[in-house]
Amino acid sequence: MWEPNDLEQQRLDKLNRIRERGIDPYPKRVDRTHTIAEAIAVFEAAEEAAGDETPEAAPVVVCGRITSHRPQGKSSWAHIEDGSGRVQVWMKKDNIGDESQDLFNDEIDLFDFIQVSGTMMRTRRGEITVLANEFAPISKTLSPLPVIKERRLDDGSVERYGGFTDPEERYRQRYADLAVNPDVREVFLARAKTISAIRRFLDEEGFLEVETPILQPIYGGAAARPFVTHHNQLKQDLYLRISFELYLKRLLVGMYDAVYEIGRDFRNEGVSRKHNPEFTQVEWYKAYIDYNEVMNITERMVAYAGEQVTGSPVITFQGHKVDLTPPWKRITLRDAIIENTGIDYTEHTDAASLTAVMKEKGKHPSPDSTWGKLVDSLLGTDVEPGLIQPTFITDYPRDISPLAKMKDDDPAHVERFEFFIAGLEMGNAFSELNDPIDQEQRFIDMGRLYGEDSEESHPVDEDYLRAMRYGMPPSGGFGMGVDRLVMLLTDRPNIREVLLYPHLRNRDE
RNA sequence: GGGGGCGUAGCUCAGUGGUAGAGCAGGAGCCUUUUAAGCUCUUGGCCGGAGGUUCGAUACCUCCCGCCCUCACCA
């Protein structure tokens with residue numbers, strides 16, 4: 001049960017006094033004729049047409065939230081804001097009458113929504129303003145939002161007063177964050193543009209957008225722990241998907257040449273600056289191409305998204321200039337690790353000897369790691385942070401890549417790449433393994449590598465193997481963390497800043 | 001899970017072993033082209049929670065809760 005604090009009680013009192021005046025503080029309908037941006041545009045056009053004359057007074061009815069409230073006796077001022085913009089309002093007693101003036105000055109608060117009928121004009125100071133003939137409250141705000149004030153200094157810089165910056169409160173009350181922080185609204189606008197750019201790109205490339213199950217009887221396609229849930233009537237445990245991979249590739253068996261899905265994955269792992277338990281992924285698969293062609297499409301796709309969202313393929317992330325223009329650097333994982341650590345992991349082909357050489361070089365390999373995981377950790381700690389410009393790291397060890405085709409000349413490696421931008425791992429792709437016998441063996445090997453009890457051991461997906469036996473064309477596949485790309489394009493180093501509702505622990509309230 | 005930091009008014013933050021302060025927001029008043037409107041006066045806090053040390057804790061200690069950073073984990 002809500003217990004109003006002092007500020008809220010004052011607003012409740014005002015609400016009641018508005019009702020006592022016979023005014024509905026939450027009317028069902030408004031009479032808006034223009035968005036705020038439209039009203040301003042109409043006035044600017046009228047000014048243009050009038051030349052040196054005073055422009056014709058165009059009547060408008062605009063609605064919005066009060067973002068500054070400056071009662072001043074007989075001549076009061078406010079700014080109202082809607083989704084399109086913000087405009088000043090002038091409440092003049094001679095125009096709106098005593099009662100309305102009192103209503104505005106005494107019972108209307110900062111952040112209330114009002115409707116203003118009036119005419120557009122420009123004040124002596126040059127600000128476009130709605131001179132009100134009448135106004136009406138259209139939604140009373142009971143809890144005050146945080147107030148942010150700005151003053152433009154003589155040198156053009158902006159000084160800010162107060163704000164709403166505590167990350168926890170901003171995430172828990174994203175509505176308040178969005179209401180008072182326009183730059184946060186910009187982030188999610190950019191997010192929407194990013195996703196629509198990816199979709200547009202893939203559509204134009206001839207991919208078919210599909211949807212596959214989120215609730216799955218067997219999870220797979222990635223090495224991650226799943227969330228488990230249960231279907232009551234079927235008396236069946238189900239997993240929330242950790243990737244789309246195995247379902248999408250079945251569709252290539254079904255004779256679609258190119259498919260993609262944009263959606264949510266769920267991984268029951270640690271949360272961090274780069275990880276949220278649920279995150280948005282785009283995966284696509286295309287028949288008759290290999291991972292080299294996947295790289296070509298990838299760099300075009302990301303450059304396209306960057307340009308669509310930021311206006312340029314050259315972006316800035318945390319002070320780094322990053323050029324997304326293809327072609328990107330391509331280097332094998334082996335070479336990248338040699339370059340950065342001096343270790344050639346192909347000379348240390350088992351976990352024990354690789355651990356030994358890593359220790360020699362002052363690294364701290366975690367005990368009980370498999371050989372592949374050690375290689376991967378060298379990538380993560382010694383290579384990844386330095387990959388500022390877009391880079392494809394290619395040709396991964398076979399034993400950490402059970403769904404990729406082996407390289408012809410080198411059975412220890414597979415045709416796989418990950419790509420990195422601004423030190424962030426963005427995505428993963430390979431020439432898709434379509435040999436059902438080899439695939440079955442890989443599943444078995446993975447099982448043996450990790451053991452039945454390991455949390456990383458994966459159930460063998462027999463239905464997937466059956467699909468492979470029906471025949472899948474040679475194909476390239478691709479997966480990318482969309483949130484990571486949005487982080488990159490909005491210059492936000494924390495994934496929570498690009499998720500409207502990032503996962504947070506429960507808090508007793 | 002380990003390490004470090006933080007949690008004080010609606011918001012942003014000071015602060016001290018003797019039960020708290022500023023700015024903005026809020027309230028009252030003056031003001032019919034203001035612009036962080038201004039000026040005068042003013043309300044507001046279980047100082048995250050629970051224990052402990054102490055004559056006395058918001059401050060010192062322990063535990064708990066939450067957030068941030070970092071490491072671990074993470075195809």
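Numbered from 1 within each chain, the chains take letters A, B, ... in sequence-line order.
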**Message:** Need one value for A:Tyr396: base, sugar-phosphate or nothing, where a base atom within 4.0 Å counts as base even if backbone is also close, heavy atoms only.
**Reply:** nothing
**Prompt:** Any side-chain heavy-atom pair from A:Thr490 and A:Val498 closer than 4.5 angstrom?
**Reply:** yes
**Message:** Going by the rule ring-ring contact (aromatic ring centres under 6.0 Å, His included), which residues pair with A:Phe478 if we only count those two or more places apart in sequence or in a different chain?
**Reply:** A:Trp284, A:Phe419
**Request:** Tell me yes or no: between the side chains of A:Arg65 and A:Thr67, is some donor less than 3.5 Å from an acceptor?
**Result:** no
**Message:** Checking contacts here: which listed nucleotide (B:C68, B:C67, B:A75) is nearest the side-chain heavy atoms of A:Glu168?
**Reply:** B:C67
**Request:** Taking only the side-chain heavy atoms of A:Asp6 (C-beta and beyond), determine which of B:C74, B:G44, B:C69 contains the nearest atom.
**Result:** B:G44
**Fill in**
Hits for side chain to side chain contact (heavy atoms under 4.5 Å, CB included) against A:Pro71, two or more places apart or cross-chain, chain-then-number order -> A:His69, A:Ser76, A:Asn105
**Message:** At 4.0 Å (heavy atoms only), tell me whether A:Leu504 reaches a base, stays on the sugar-phosphate, or touches nothing.
**Reply:** sugar-phosphate
**Request:** Please tell me which of the listed nucleotides, B:U70, B:A75, B:C67, lies nearest to the side chain of A:Pro167?
**Result:** B:C67
**Request:** Any chance you could list the contact pattern along nucleotides 27-37 of chain B? Use B for base contacts, S for sugar-phosphate-only contacts and - for none, protein heavy atoms under 4.0 Å, 5' to 3'.
**Result:** S---BBBBBBB
**Request:** Describe the nucleic acid contact of A:Arg273 in one word from base, sugar-phosphate, nothing, applying a heavy-atom distance below 4.0 Å.
**Result:** sugar-phosphate
**Where A:Pro55 and A:Ala50 come nearest, the two heavy atoms and their spacing** = CA-CB, 3.7 Å
**Distance below 4.0 Å between A:Arg225 side-chain N/O and B:C74 OP1 or OP2** = no
**Message:** Within the 4.0 Å heavy-atom criterion, would you say A:Asn494 contacts the bases, only the backbone, or no part of the nucleic acid?
**Reply:** sugar-phosphate
**Message:** Tell me every residue that passes side chain to side chain contact (heavy atoms under 4.5 Å, CB included) with A:Asp106, counting only those two or more places apart in sequence or in another chain.
**Reply:** A:Asp102
**Asked** Mapping A:Thr165 and A:Arg496 to their closest nucleotides on RNA chain B, which lands nearer the 5' end?
**Response** A:Thr165
**Item:** Most 5' of A:Phe164 and A:Ile148 on RNA chain B, judged by nearest nucleotide
**Value:** A:Phe164
**Message:** Under 3.5 Å for both pairing distances: what stems, at least three Watson-Crick or G-U pairs long, include RNA chain B?
**Reply:** B:1-7 with B:65-71, B:10-13 with B:21-24, B:26-30 with B:38-42, B:48-52 with B:60-64
**Prompt:** Less than 4.0 Å between a side-chain N and a carboxylate O, is that true for A:Lys405 and A:Asp435?
**Reply:** no
**Pairs involving residues 117-131 of chain A, ordered by first then second residue, that meet salt bridge (charged side-chain N to carboxylate O under 4.0 Å, His left out) (sequence neighbours left out)** = A:Glu47-A:Arg122
